[in-house]
Participant: 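Before I ask anything, here is the structure I am working with.
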Amino acid sequence: MRTVAVLSALAAASAVHANPTQTSQQKPRAVSLEPITATGNAFFAGDKRFFVRGVAYQPGGSAADLDPLADPEVCLPDIEKFKDLGLNVVRVYSTDNSKDHKECMDALAEAGIYVALDANNPKYSINRAKPARSYNADYLQSVFATIDEFIKYPNTMAFFSGNEVIHDLANTTLAAPFVKATTRDMRSYIKARGYRKALVGYSAADVSTNRIQTAHYFNCGTEDERSDFFAFNDYSWCDTDYITAGWDKKVEAFTGYGLPIFLSEYGCTTNGRTFGEIEALMSGDMTPVYSGGLMYEYTNETNGFGILRIEGDNKAGEIDLKQTGERVELPEFASLSSAMVAYPAPTGDAGYTKTTNSVACPTQDDHWAVEGTLLPAMPSDAKKYLTEGAGKGPGLKGVGSQDSGTDEVVEAQPGSGEVDAPASSSSSTATSSSAANGRTAMGPVDKAPFVISGIVVFFTLVGAIAL
Ligand SMILES: *[C@@H]1O[C@H](CO)[C@@H](O)[C@H](O)[C@H]1NC(C)=O
Ligand SMILES: *[C@@H]1O[C@H](CO)[C@@H](O)[C@H](O)[C@H]1NC(C)=O
C-alpha cells in the first residue's frame, strides 16, 4: 500500500488525518486511521512501518466476559488513559457482536489507537477438548458477525482467529487444524463479502514445547489456508535481559518466517516491571523480525497483572467499570508510560523482509500430534454466510456453539472446495464449559486454571528460556 503517501506525510507522527473541512464551529468529525496492512514480515499504516505498542484491555477480566467497547461510559475514561500511555493498539478479548461499537471505535481512532480483536468469545470458540464438535456453523456465524461489526472501522487492526487453544500437552495440538480452518474461513469470508483485506492470525500461548511448530503450522500449505501474521504470548523477560531471556534465540528462530510476528501478551511480574521488553522490541536486534507487542494487561484483575485499578471492579461480583469506577493508576502505570517515551518506534523500515513466504509444515513428534496437513472442510451449513452474510450476531449470551456440531470430521480436498463437512446437529442442548475453551485462557499460562474433562489442570509456566 503506497497510494496514500501524501496523507501519511501530512499525518506523519500518528497516521491520523482529520477531516480537512472541519471548522471550529462544527463538532469534530471522526478522524480516520489508515487500515493496517501486511507486506513481507511487517505491518504498515499507509507507507509507514507499523509497530504494535499496546496493552491488553479487558476490564472485569475474563470471568466477567464484558464488552468494554460497547459502552462509551466504560471505554471513554480508559481511552484518556491510553492516550497518557502513548499506546497505538489495544487488544480486546471479548466483544458482543449484537451491539454497536461506533462511539468507542471512533474515540479510539481519534486517539490514534487501533484494536486487535479476538473474533471468539467464551461461548463461541473452538474447545480444545472437543475441537471437531465446536467447529460448526453456529460458531462461524458468530465469528463472521464479529467481522461484520468491526471491519467497518478502519482502526480494527487485526482479528485473532483463536487464543491459546493449543497448549503444552501434545494432545492439545489436535485442535490446531480446527483453528487453522477457522483462520481460513475468516479470510474466505472477508474476501467473499468484498471487505477490505483485514488481517487474520492466531495468538499462541506461552508454551515452549510447540511454539515453533505452531508458528510453522499457521504459515504452511496453500495461500488460502495460511495466516496473515503470527502472534504469541511471552512472559520470559523476568529479572533478565535480551540474551538471558533467550529472546535472541527466538529472533533467530523466527528469522525467515515470512509473516509479521508480534507478542500478543508480554509482561513478567517478578522483575520490577520497568518494561525492558519495550527497549528490546524497539531495538535493531528485534525490529527486522518482530513488530512490537501488547503488555498484559491494563486493568488489575484477580491475577494481579494490571497497571490500573478500576474502583468497584471485581468486588464481590459488583462490577462497576463505568465512569463512576474511578481509575487509580498503580505504580506500573508510570513505568509503562516512561518506557513508551524512552523507547519509541524506530523510524524507517527497520530492516524488515520485503517478501512473504510460507514455511514447511511441522512433522509429527512427541510434542506435535497433528498428522498430515489436511484441514476440516468448512461446515456445509456455514457456506451460505459467504453469499448471504452472517446476519445478526448472537452476542455473549445463550447456549453458545461449542456443542452445536458433531465429532465427525470431513477433510477438505485442497483446492477443490467440493467436500462438505456434516451439517451441524440441530439439537444443541449442552451448556458450554467456558473454562474448557481455548480462548478464555487470558493471561500467563501458569495462572490460568482449565477444566478439561472435569479435571482441573494448572498449567505450569513452561519454557522461560527454551523455544
Ligand atoms: C490430554 O491428555 C491429558 C493427560 O493424559 C488429559 O488429561 C486431557 O484430557 C487430554 N486433553 C485433550 C484435549 O484431549
Ligand atoms: C492487583 O490485584 C491483585 C489480585 O487481586 C492484588 O493482590 C494486588 O494487590 C493488586 N495490586 C494493586 C497495587 O492494587
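Remember, it's 1-based here, ligands and their atoms both numbered in the order they're listed.
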Participant: Please find the pair of heavy atoms, one from A129 and one from N127, that lie closest to each other, and give the distance.
Facilitator: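 What the structure gives for the nearest pair is N-OD1, 2.8 Å.
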Participant: Under 4.0 Å from atom 11 (N) of ligand 2, is there at least one protein heavy atom?
Facilitator: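 For atom 11 (N) of ligand 2 the answer is yes, since some protein heavy atom falls inside 4.0 Å.
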Participant: Which label fits Y385 and F144: parallel for a plane angle under 30°, tilted from 30 to 60°, or perpendicular past 60°?
Facilitator: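 If you compare the ring of Y385 with that of F144, the planes turn out perpendicular.
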Participant: Considering V328, T299, T302, which one's heavy-atom position lies nearest to atom 4 (C) of ligand 2?
Facilitator: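 Answer by nearest heavy atom: T302.
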Participant: Less than 3.5 Å between some nitrogen or oxygen of N300 and one of ligand 2, yes or no?
Facilitator: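 It does: an N or O of N300 is found under 3.5 Å from an N or O of ligand 2.
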Participant: Do you know which two heavy atoms are closest between F333 and I307, and how far apart they sit?
Facilitator: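 Taking F333 first and I307 second, the nearest heavy atoms are CB-O, 3.3 Å.
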Participant: Applying a heavy-atom cut-off of 4.0 Å, say which part of E301 lies close to ligand 2: side chain, backbone, both or neither.
Facilitator: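 The backbone, only.
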Participant: Is the shortest N/O to N/O distance between N171 and ligand 1 below 3.5 Å?
Facilitator: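 There is such a contact, yes.
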Participant: How close do A145 and G393 get, heavy atom to heavy atom, and via which atoms?
Facilitator: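 Closest heavy-atom pair between A145 and G393: CB-CA, 3.5 Å.
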Participant: Under 4.5 Å between any side-chain heavy atoms of S94 and P122, yes or no?
Facilitator: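 Side chain of S94 against side chain of P122, heavy atoms only: contact under 4.5 Å found.
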Participant: Could you tell me the residue and atom name of the protein heavy atom closest to atom 14 (O) of ligand 2, and the distance to it rounded to 0.1 Å?
Facilitator: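 For atom 14 (O) of ligand 2, the nearest protein heavy atom comes out as R309 NH1, 3.5 Å.
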